[in-house]
Amino acid sequence: MPQTACLVSGSAFVDVDDPGSGLGNPFAVVLGDDVPAWDLERRRTVARRSGAPETVFVNALRGSQLEITVLTPTGQELGACAHGFIGAVHTLAATGALASGDEVEIRTSATAAAVASVRPGDVVMLRFVSRPPRPADDLGPALTGIFPLPVRRPGSTLEILSVGSPKLTVEVTPETFALLRTQLHLLDFDNLLHLQRTAEINGVHLFCRDPRTLLPAQSIQVNAYLGEDLMIDRATGVSNAAQVSADPYVRPGEQVQIAQYSHQGRTAILSIIKGHHGEVQVGGAATLTSRRPADDGAAPVH
């Protein structure tokens with residue numbers, strides 16, 4: 001670890017063959033000898049100024065256990081964050097603390113969240129165990145106050161799915177998905193924030209299927225805890241992984257690719273493998289873009 005705390009910025013779920021394509025989700029990783037002793041207020045200040053939707057604080061790397069804290073710009077602590085996990089492991093590999101072939105168990109708030117393996121080509125794979133689904137049909141009326149059009153596919157059920165970060169999961173038709181992509185600027189932030197707090201969830205995950213295969217193919221994730229400017233997430237491995245893990249049309253051992261969208265268009269391609277007994281894998285490549293002192297409010301140096 002560096003002696004002086006530093007903030008490393010980068011993106012996960014990038015296209016390694018075309019890093020300039022704009023695909024991926026930004027992350028920030030804070031590491032240094034003194035970071036484990038930081039109090040919550042100091043961490044929240046850095047997370048608010050980092051410019052990333054999630055900031056990961058490396059608390060300890062002991063053998064094969066990695067202890068971290070993940071905060072949103074609004075100070076909300078997350079139990080699981082796939083692109084943040086990938087960013088932390090990739091950053092540690094870049095510093096020489098981890099090497100290709102290493103596996104580490106990632107813990108947040110003293111809870112085992114995922115197992116990460118470092119692969120060649122700047123790729124990190126994460127293995128999660130999904131939680132039992134929670135029925136949530138009673139939350140249907142709340143969706144009408146958040147989205148500018150009816151989103152729920154007729155006859156579908158609402159569930160809260162999680163591999164460590166619970167999301168209300170909503171299946172929509174391909175036609176509704178295409179229309180929603182053009183109206184994301186009309187989402188109601190306050191109603192979304194109210195739903196998240198009352199239902200104890202970390203956002204709403206919407207997906208549609210490929211009409212030919214019936215496999216999940218496209219997704220949108222909204223999360224008020226990221227702040228109003230970052231409400232539409234660019235790549236959410238945990239929500240897509242939780243959905244695939246529970247999907248009756250995906251067979252154990254089958255790999256699916258899901259394109260995630262924001263108001264900017266397609267922002268990520270996620271590869272997910274459904275395992276047995278609730279296990280699911282999701283991973284991708286990462287790149288590092290800048291590094292600066294963690295308490296420096298100035299713009300990063302590239």
Side-chain angles (χ1 to χ4, degrees), residues 1-36 38 42-61 66 68-76 78 81-100 104 106 116 118-124 126 223 225-227 229-237 260 262 264-265 267-270 283-302:
M1 299 287 179
Q3 289 185 330
T4 303
C6 64
L7 186 148
V8 179
S9 299
S11 290
F13 298 116
V14 301
D15 184 346
V16 290
D17 295 323
D18 186 12
S21 65
L23 296 183
N25 202 6
F27 61 78
V29 178
V30 181
L31 67 166
D33 289 346
D34 59 336
V35 171
W38 284 15
R42 186 175 182 184
R43 292 168 184 250
R44 283 177 168 167
T45 298
V46 172
R48 187 171 60 250
R49 299 188 318 194
S50 73
E54 285 87 13
T55 301
V56 181
F57 298 83
V58 177
N59 299 322
L61 176 60
L66 174 60
I68 63 176
T69 301
V70 184
L71 295 179
T72 71
T74 61
Q76 181 77 16
L78 301 181
C81 172
H83 74 278
F85 288 2
I86 290 172
V89 172
H90 179 70
T91 299
L92 290 168
T95 66
L98 294 173
S100 181
V104 290
I106 300 176
V118 183
R119 306 285 179 86
D122 298 325
V123 171
V124 176
L126 304 172
N223 184 351
Y225 291 150
L226 303 179
D229 293 337
L230 296 170
M231 181 170 49
I232 304 157
D233 216 334
R234 292 176 56 86
T236 46
Q260 187 155 336
S262 75
Q264 299 168 324
T267 49
I269 301 292
L270 298 93
T287 59
L288 303 182
T289 56
S290 67
R291 173 173 172 158
R292 71 177 192 262
D295 283 323
D296 183 7
V301 177
H302 296 270

Quiz item: Any side-chain heavy atom of Thr72 sitting closer than 4.5 Å to one from Leu78?
Solution: yes
Exercise. Ignoring hydrogens and angles, tell me if any N or O in the side chain of Arg292 forms a donor-acceptor pair with the backbone of Ser9 under 3.5 Å.
Key: no
Quiz item: Does any N or O in the side chain of Gln264 come within less than 3.5 Å of the main-chain N or O of Arg234, such that one atom is a donor and the other an acceptor?
Solution: no
Self-check item: Expected output: side-chain Arg42 to main-chain Val35 donor-acceptor under 3.5 Å
Solution: no
Quiz item: Out of curiosity, Leu7 CG to Thr55 OG1, how far, rounded to the nearest 0.5 Å?
Solution: 6.5 Å
Quiz item: How close do Leu270 and Gly237 get, heavy atom to heavy atom, and via which atoms?
Solution: CD2-CA, 3.6 Å
Quiz item: Do you know the tightest heavy-atom contact between Leu126 and Ala82?
Solution: CD1-O, 3.5 Å
Quiz item: If you round to the nearest 0.5 Å, how far is OG1 of Thr95 from CG of Leu98?
Solution: 7.0 Å
Quiz item: What distance do Thr91 atom OG1 and Ile86 atom CD1 have between them, rounded to the nearest 0.5 Å?
Solution: 11.5 Å
Quiz item: Under 3.5 Å, is there a donor-acceptor pair between the side chain of Thr267 and the main chain of Gln260?
Solution: yes
Quiz item: Looking only at heavy atoms, which two atoms of Val89 and Ala116 are closest? And how far apart?
Solution: CG2-CB, 3.8 Å
Self-check item: Whether Arg43 side chain and Trp38 backbone form a donor-acceptor pair below 3.5 Å
Solution: yes
Quiz item: Can you tell me how far CG of Asp295 sits from SG of Cys6, rounded to the nearest 0.5 angstrom?
Solution: 11.5 Å
Quiz prompt | Student check: side-chain heavy atoms of Val70 and Phe85 closer than 4.5 Å | solution = yes
Quiz prompt | Spatial distance of atom CD1 (Ile232) from atom CG (Asn223) [nearest 0.5 Å] | solution = 11.5 Å
Quiz prompt | Sequence-distant partners of Glu54, side chain to side chain donor-acceptor pair (under 3.5 Å), two or more places apart | solution = His83
Exercise. Locate the shortest heavy-atom distance separating Ala52 from Phe27; write the atom from each residue and the value.
Key: CB-C, 3.7 Å
Quiz prompt | Contact summary for Pro73 and Leu226, nearest pair of heavy atoms | solution = CG-O, 3.5 Å
Quiz item: After noting the C-alpha distance and the side-chain angles of Val29 and Leu92, does the key distance pass the side-chain contact (heavy atoms from CB on, under 4.5 Å) rule?
Solution: CA-CA 9 Å; Val29 178; Leu92 290 168; over 6 Å; no
Quiz item: Below 4.5 Å, heavy atoms only, C-beta onward: do Cys81 and Val56 meet side chain to side chain?
Solution: no
Quiz item: Are Pro53 and Asn25 side-chain neighbours, meaning at least one heavy-atom pair lies under 4.5 Å?
Solution: yes
Exercise. Calculate, to the nearest 0.5 Å, the distance between atoms CG and CD1 belonging to Asp15 and Ile269 respectively.
Key: 9.0 Å
Quiz prompt | Taking every non-hydrogen atom, the tightest pair across Ala47 and Leu71 | solution = CB-CB, 3.9 Å
Practice problem: Please check if the side chain of Thr74 supplies one atom and the backbone of Tyr225 the other of a donor-acceptor pair under 3.5 Å. | Solution: yes
Practice problem: List the steps, then state whether side-chain contact (heavy atoms from CB on, under 4.5 Å) holds for Asp233 with Ser262. | Solution: CA-CA 7 Å; Asp233 216 334; Ser262 75; over 6 Å; no
